[in-house]
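To keep things clear, I will list the structure first and then write my remarks on it.
Note that the structure is predicted; figures quoted are calculated from it, not measured. Residue numbering restarts at 1 for every chain, and letters A, B, ... go by the order of the sequence lines.
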Amino acid sequence: MQYNHKEIEKNWQKFWADNQTFKASNESEKPKYYVLDMFPYPSGAGLHVGHPLGYIASDIYARYKRHKGFNVLHPQGYDSFGLPAEQYAIQTGQHPAKTTEENIKTYRRQLDQIGFSFDWSREVRTSNPEYYKWTQWIFIQLFNSWYNKDSDKAEDISTLEKVFKKEGNATVNAVCDEDITVFSADEWKEFSKTEQEEILLQYRLTFLSDTEVNWCPALGTVLANDEIVNGVSERGGHPVVRKKMTQWSMRISAYAQRLLDGLNTIDWPQPLKDSQTNWIGRSQGAMVSFQVDVASEKSTSEVKLSYKELEALKELRQNLSKAETTLWNELKNKKGASKFRKKYTIATFLVDYVCIAKNLIVEFSGKEDEEARTESFHKNGFNVIRFTNEEVLQNVVKVVSEINFAIQFPQVIGESAEETEVKDENKYKIDVFTTRPDTIYGVSFMTLAPEHELVSKITTDAQKAEVEAYIKATAKRSERDRMADVKTISGAFTGAYAIHPFSGEKVQIWIGDYVLASYGTGAVMAVPCGDQRDYDFAKHFNIPIPNIFEGVDISEAAHTDKEGTVIANSDFLSGLKYKKALKLAIYEMEKRGFGYGKINYRLRDAVFSRQRYWGEPFPVYYKDGMPQMIDEKHLPIVLPEVEKYLPTEDGKPPLGNATEWAWDSRGKKVVSNDKLKNKTVYPLELNTMPGWAGSSWYFNRYMDATNSTEFASKESLDYWKEVDLYIGGSEHATGHLLYARFWQKFLFDKGIVPVDEFAKKLINQGMILGTSAFVYKADAFVKSGCSLSSSFDDIKAKIPTIFVSKDLFSNDDEFENVVIEYLLNQKIVNQQESELLTIIKSNIHSDVSLVNASDELDVEGFKSHPLNADYKDAKFILENDVYKVGREVEKMSKSKYNVVNPDDIVAEYGADSLRLFEMFLGPLEQTKPWKTSGISGVSSFLKKLWKLYFKGDQFEVSEENATKDELKTLHKTIKKVEEDIENFSFNTSVSTFMIAVNELTALKSNKREILEPLLVLLSPYAPHITEELWRLLGHTESISTVPFPIFEPKHLVESAKNYPISFNGKMRFTLELSLDLSKEEIEKTVMAHEKTIAQLEGRTPKKVIVVPGKIVNIVG
RNA sequence: GCUCAAGUGGCGGAAUUGGUAGACGCGCUGGAUUCAAAAUCCAGUUCUUUCGAGAGUGUGGGUUCGAUUCCCACCUUGAGUACCA
């Protein structure tokens, strides 16, 4: 019986589908294992051989885990909302739902014929209302939440309202908008409903705000930062401009630190973690305020601390009494504006606790100089409250509430009021963020972004013209130009000066477009000696470059090293190294009140609105201009039908075309826009959600995919918990994988999911490249200048298109010679004419299907190929009667004619061969080229395997006991294959199978004892052929859950070893010796051997190294 | 520029607690079978060679009895990222 892959594969695919073989149960005695592939977008082009690579790997692992006794969840579905379907709809008028459905059908057919063990009963599609109902539901949960920095998690918005009602917002420590105004509880109660909602929006985790967005006019939508590559849209490569729009945003910045910390707990590839770390962009430094000089006055504060005193303080802080510890435990968790510090110097006194932002000192009473202290504190603008040890120990809660009260209602102090007046005079200040506060004495100027709001206010009359001209010039340059051109240094002096907060010196304020308005505060303190950009700027404009590094030459470039550098010329920082100077600088800034330590993140809040049709509608309507959530029991809000998918004429998103798109708040349903004049009917949101909305939580839905009453049941979430193995491409590093982690952490905070990282282990499969085939075409040009009987055109017309086989030339000159020789030999041109010819070579892609394994072109096929109509009459210069093509590895793409469709491979070689070959290509994570010719190797391996079970045409296995050699082969294979799968080294296990089959063929083995377990080993890789042979062996059940064979080391025990005998580390010959021999016996035998004597040529070895069971090395 | 990864036959690749470099497969060469081709089977296939042997894992050093594997410097390629203060 011949191995007929077509019939076998079709039958078993039908069997698995009919019997729901791979349906996972949510209840099982077995341990669970969840294997997931990254959500595919069903594109119109279908799959090429690169796509299934990851699916095959995950399928092998899933099948392996089933053999190992796990209850395996291995689902698949479609991320079916998205831009391509909509672009297609705009072009053709076809509903995206229809084209998406067709594309999914193609995908499903292609996936099915590769024999994946997916549990299709759990299939999800993001564009299905039953699914996006829950995407909308999560959006509502985000809307109803705020981020409490004190508890460091998301909480329900009602807890925030409660605080507002009770004590206003002064004590709230939340992640929120930056321009929050402080209000009291009474003020809150006085606010109108709309005002209250506006304030709450500033705190919600998803919020509506006017943001600068990346607007892509060609696509008619905004794009997220990760959807832009090199300043143009990732899809289509269209230009992107900055534009202010009212948009929904996600407060992902609240999770910046946790997203960073979480990376340490998950087994993901390092490059992927690195790019997330990079994207989040944490930088630790300080915020420093520089006053703009109006009346030139000197800073007065002269209190400084030496480093020794600082160290002494540190020690004190660690030795707190019990009462101190109790109170500190309560105070230390306060963050942000009401953050407390312990053992701090205020004026000349060391205080117990101080909240610098609120000017409040908390002390233990009973200090000798209490009166003097109080007076001094008041003079410096601080309030002080005191408690006894007993008060703290007996009722710390009461003490804390008194402290809170004091924070909220600060006692007005005379002196500080006076100071405020002084400050009012100097009302402009420039805040900067710096990662190098240690270099603050190196500041010789400041640079503002041209867009900085202070620019217009501080520019002097004399400089006005220059500054305005510069701003105009910058505005003309696009964002892309600015990014591309980093070499041109440009800027303008504002004429204004800032006061150096430490030295009191005046420093020039410049504007320059190397400072970005969107990062940090849009201003920098320039330290030209320590930052190359500042250095270049200073050099260009002749600004002084003070050197504050000890023994460092800065005449050529800035000195950016931190480690090992000692600070100089910096007053109290002089003589300190980077780390200590950094700490002391921040300490002094905080003490003097013009700066504080701060951590900055590059991660911006994510824009969540898209002006597109084919996405999830928001469950939102607008009442008095304020967004209102539709109650979850009325979900899903189904995407309305529209006439056309383009924006409306007045520039509204496509949903503006819908006629049934208003919310009847009384009837609780979507109604016709005609009813909008009714008082209880409101307009619905016209934006839709971005592509990443549906894919940020789908892995949870698979756990309970058909649940219509819940996102997923608690039991199923608790059972499956997280994805154990997630396989997909590295292109999702900063998009999907960051947003999904963010949502998971949010859902975790809200108690909806049981874990805060959704995927324990992740593997990035490498790309499969195409091997393009080239033919070499000769283009003839006729040189002018010579008079001939025939015209140039006549000569050209005589010359046919010529292709030259690859190995006939090695450079362009040889190519020309070959062609001209051919023309002469064929008598196409005469000698005289040939001298006028110039031959130019051009490389043309040939369709790879026209080329065989030996790089030989099917010439007739090439001529008659529809793409090559121009070359129908072309001539081919052959070598040894064949035309050889050139090969080059390139990305697999239609335009390069190197795309290989898995359908063709499956039809010719079968799914099992495809699966084996994709794994055999090389390590999973690595990028590697596809060359169809190699598949014959795995194909003949399967035929050889098949033959082991047959005698002639008859299926026949022997029931005899296996021999020692047979068992050795089997157990060697079990061991290696098991190790390989666990290490995701699938390519080497395919080799192992080949070796096993080669050995068993050589042994003429046909014992059931060997051939049965062999099938189980192979079945994850080649499920169809193994099912078929398993059935022929007499089994009625599927092979898929048969226990994996157990490795027994006893079969590999050897009595002798073929020792490599090396001389000076080089192996010269091998010698079979018993493993029972001792070191000495081995040495003796080896030294006595004739080959050893021959090698030594009479020399006496200096040393003989014997490692029993391994090697013998003779030195000398 | 910065960060990361990788450099092994004609090709894909294998071998790392440091111990026989090139497993397995493709391709190639020769042979068997065949009228012939395909398929199949057998033998060979890193390079050099005076057929004794010698050299060899990007380059140059180092550690070691012994290095593809560990350390240092450099070169090349690929990926990501980029006025991030």
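Listed by chain and number, the residues in a side-chain contact (heavy atoms from CB on, under 4.5 Å) with A:His559 are A:Phe549, A:Val552, A:Ile554, A:Asp561, A:Thr565 (sequence neighbours excluded). With sequence neighbours excluded, the residues that form a salt bridge (Lys or Arg N to Asp or Glu O under 4.0 Å) with A:Asp431 are A:Lys429. Scored by the salt bridge (Lys or Arg N to Asp or Glu O under 4.0 Å) test, A:Lys976 finds A:Asp980 as partners (sequence neighbours excluded).
Contact annotation: A:Gln270 does not reach the phosphate of B:A5 (side-chain N/O to OP1 or OP2, under 4.0 Å).
Put simply, NZ on A:Lys891 is 13 Å from C1' on B:G78, counting in whole angstrom units.
Annotation: B:C4 and B:G52 have their C1' atoms spaced 49 Å apart (nearest Å). When the C1' atom is used for both B:G56 and B:U8, the distance is 10 Å, rounded to whole Å.
In textbook terms, a nucleotide whose glycosidic angle is within 90° of 0 is syn, and B:G9 is one such case.
Comparing A:Ile1114 and A:Pro929 by the nucleotide of RNA chain B that holds the closest heavy atom to each, the one mapping nearer the 5' end is A:Pro929.
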Expected string for nucleotides 19-28 of chain B under the B/S/- scheme (protein heavy atoms, under 4.0 Å, primed atoms plus P, OP1, OP2 as sugar-phosphate) is BBS-BBSSSS
Pairs: protein N or O with nucleotides 49-54 of chain B N or O, under 3.5 Å:
none

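Defined by atom type and a distance below 3.5 Å, a donor-acceptor pair is present between the side-chain atoms of A:Tyr470 and A:Ser490.
Consecutive pairing runs in RNA chain B reach the stem threshold at B:1-7 with B:75-81, B:10-12 with B:24-26, B:27-32 with B:40-45, B:46-48 with B:53-55, B:58-62 with B:70-74, where a stem means at least three Watson-Crick or G-U wobble pairs with distances under 3.5 Å.
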